[in-house]
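Just below is one structure, and these are the notes that go with it.
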Amino acid sequence: MNTQAIREKIQEVKYPGFSRDILSFGLVKEVTFEKKEVFITIELTTSDASIPEQIANSLKEKVGTLEDVEKVNVTMEVNTPDPSSKPAGGNNNTAPQNIETMQQVRHIIAVASGKGGVGKSTVSVNLACALQEALSKHNKPNKIGIMDCDIYGPSIPLMLGANGQPQIEKNLIIPVENYDISTISMGLLVDEETPVVWRGPMIMKTIKQFAENVNWGELEILIIDLPPGTGDAQLSLTQTIPLDGAVIVTTPQKAASEVAKRGARMFEKVNVPLLGVIENMSYMEDEKGEKSFLFGEGGGKTTAAALQINLLGQIPLDIRIRKGGDLGIPIVINEKEANASKEFISVANQLIERLYRK
Ligand code: ADP
């Protein structure tokens, strides 16, 4: 029997709590077969002792069903996360490797949502601009970066007005820039024609490449715009990059809030602190200041309460936000007096307060 059949069986073993299998997560180091015995070596980083045990049991069960196999031997090489590699204010349970290209990145936060279309990318871009402004008010270095990992709708460069192909220098990708915000995106590297079904399996690789092969230089805060959904990205991310925490974006309706909670819980599973909820498209205001609640009310508040975290802000629906996105001129840059811009600045101040609290 060749090891291909064994690998196919290994592919049936999912990482506990996730929909992705351990092979595609890159955790399988070696597979050999000798005299009816299979030898599998798994390498992973976790502080949860039950995970290696669950994976080993599941491997023995699945691979053991193969006809020629009499015994399955699993060797677990478990690395515990190194607390000294965590950024200030970060958690010490994630599994970051020390990444050369990210040595000068001070804080890293992920922006996530349960489903698409809630305005996650819009929030990432405007939050980047707001953080930049708030940091300079605090007399801190204010260089911001955005890593656009939303493989399904990589819209950050467009919304930021950052055009052009990224250059390569000394084998590293140089991010593109606008408004002094650096960004790298699947949108800059992948042809729009690439079918979405091919993009799915690319998430793990993309995150790793964006971490290891991009010269991020000196950044005060790096925002990671994650694809909406299942949690695979969250796991990939925490296996690769030391996160300070995650921000959850939701809309006001109940259904959205349920999905947001599920997405957020994936971060809890991998021990990434939740920094708060941002409710987007909360209300629309007419010239008289009258508010109408197009998408219902209370989603952000309920999500935050269920997760026992703060509701950081409620961003109104504003046509200037959409236009700004399409033109590559974020509302926070262009219309500082707009309620939406003020709300983004308030969110930024709360995040800074949290990140720099010792
Ligand atoms: P996601 O990243 O969650 O898929 P996007 O950020 O791409 O969502 O937003 C989807 C669309 O909604 C975009 O056209 C964007 O300009 C628009 N949009 C997002 N938030 C707002 C808002 N608060 N007011 C008006 N338009 C918004």
Side-chain angles (χ1 to χ4, degrees), residues 109-130 146-162 181 183-188 190 192 196 199-200 203 206 223-231 233-234 246-253 255-264 277-286 291-297 299-300 303 311-348:
I109 50 182
V111 176
S113 68
K115 63 185 187 99
V118 299
K120 177 178 49 60
S121 305
T122 305
V123 167
S124 295
V125 165
N126 281 289
L127 189 59
C129 301
I146 308 179
M147 188 192 284
D148 183 8
C149 295
D150 190 346
I151 42 178
Y152 304 108
S155 44
I156 299 289
L158 182 82
M159 290 182 174
L160 199 59
I181 296 171
T183 187
I184 202 75
S185 164
M186 275 295 269
L188 296 166
V190 166
E192 271 175 37
V196 161
R199 297 185 188 190
I203 181 66
T206 306
I223 293 175
I224 302 187
D225 188 16
L226 283 175
T230 63
Q234 281 88 330
V247 174
I248 308 300
V249 182
T250 186
T251 46
Q253 63 267 58
S257 143
E258 285 304 315
V259 195
K261 274 187 273 182
R262 240 178 292 143
V277 173
I278 300 175
E279 187 187 79
N280 187 30
M281 311 189 183
S282 299
Y283 58 88
M284 207 151 107
E285 208 170 34
D286 65 17
K291 288 180 180 173
S292 46
F293 299 89
L294 268 74
F295 294 128
E297 275 179 89
T303 311
L311 176 60
L312 299 169
Q314 293 177 294
I315 315 294
L317 256 175
D318 187 326
I319 191 164
R320 292 171 294 178
I321 295 185
R322 202 270 303 149
K323 281 190 179 158
D326 288 350
L327 293 170
I329 313 170
I331 190 166
V332 170
I333 299 254
N334 208 27
E335 309 256 3
K336 290 204 186 318
E337 288 313 307
N339 280 345
S341 302
K342 289 182 188 158
E343 195 70 359
F344 275 119
I345 297 281
S346 154
V347 172

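In each ligand, atom 1 is the first atom listed, and ligand 1 is the first ligand listed. As the structure is a prediction and not an experimental result, all values here were calculated from the model.
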Determine, step by step, whether S155 and D150 satisfy the side-chain contact (heavy atoms from CB on, under 4.5 Å) criterion, reporting the C-alpha distance in whole Å, the side-chain angles of both residues, the deciding distance to 0.1 Å, and the verdict. CA-CA 8 Å; S155 44; D150 190 346; 5.9 Å; no
Please assess R322 against I319 for the test side-chain contact (heavy atoms from CB on, under 4.5 Å), listing each intermediate value before the final yes or no. CA-CA 5 Å; R322 202 270 303 149; I319 191 164; 4.3 Å; yes
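Taking distance alone, with nitrogen or oxygen atoms compared against 3.5 Å, G119 approaches ligand 1 more closely than that limit. Remark: ligand 1 and S121 share an N or O pair separated by less than 3.5 Å (distance only, no angle test). At a 3.5 angstrom cut-off on N or O pairs, G117 counts as close to ligand 1. Checking only distances, D150 never comes within under 3.5 Å of ligand 1, N or O to N or O. Remark: ligand 1 and K115 share no N or O pair separated by less than 3.5 Å (distance only, no angle test). Where the criterion is an N or O separation shorter than 3.5 Å, residue side chain and backbone included, P316 meets it with respect to ligand 1.
Put simply, the side chain of S121 never gets that close to the backbone of I156: no donor and acceptor are under 3.5 Å apart. Side chain of T251 to main chain of V118: no donor-acceptor pair is present (N/O by atom type, distance under 3.5 Å, no hydrogens or angles). The backbone N or O of V249 sits nowhere less than 3.5 Å from a side-chain atom of K120 that would complete a donor-acceptor pair. The backbone N or O of P330 lies less than 3.5 Å from no partner atom in the side chain of N126, so there is not a single donor-acceptor pair.
Side chain to side chain, S257 and T303 meet the donor-acceptor criterion of an N or O pair below 3.5 Å.
With a 4.0 Å cut-off on non-hydrogen atoms, A340 does not touch ligand 1 at all. At a heavy-atom cutoff of 4.0 Å, ligand 1 is contacted by the backbone of D318 but not by its side chain. Under 4.0 angstrom from ligand 1, there are no non-hydrogen atoms of I319.
Protein heavy atom nearest atom 27 (C) of ligand 1, with residue, atom name and distance: I321 CG2, 4.0 Å. Looking only at protein heavy atoms, the nearest one to atom 20 (N) of ligand 1 is N280 ND2, 2.9 Å. Counting protein heavy atoms only, atom 17 (C) of ligand 1 is closest to R322 CG, 4.0 Å. Of the protein's non-hydrogen atoms, M281 CE, 3.9 Å is the one closest to atom 12 (O) of ligand 1.
Residue L317 approaches ligand 1 through these ligand atoms, each under 4.0 Å from one of its heavy atoms: 23 (N), 24 (N), 25 (C).
Counting heavy atoms only, T122 comes closest to atom 9 (O) of ligand 1 of the residues V118, T122, V249.
Within the 4.0 Å heavy-atom shell around ligand 1 one finds M159.
Evaluation of the salt bridge (charged side-chain N to carboxylate O under 4.0 Å, His left out) rule for K336 yields E133 as partners, not counting sequence neighbours.
Side-chain contact between I315 and I321 is present, with heavy atoms from C-beta onward closer than 4.5 Å.
Counting non-hydrogen atoms of other residues, nucleotides and ligands closer than 6.0 Å to NZ of K323 gives a total of 12 or fewer.
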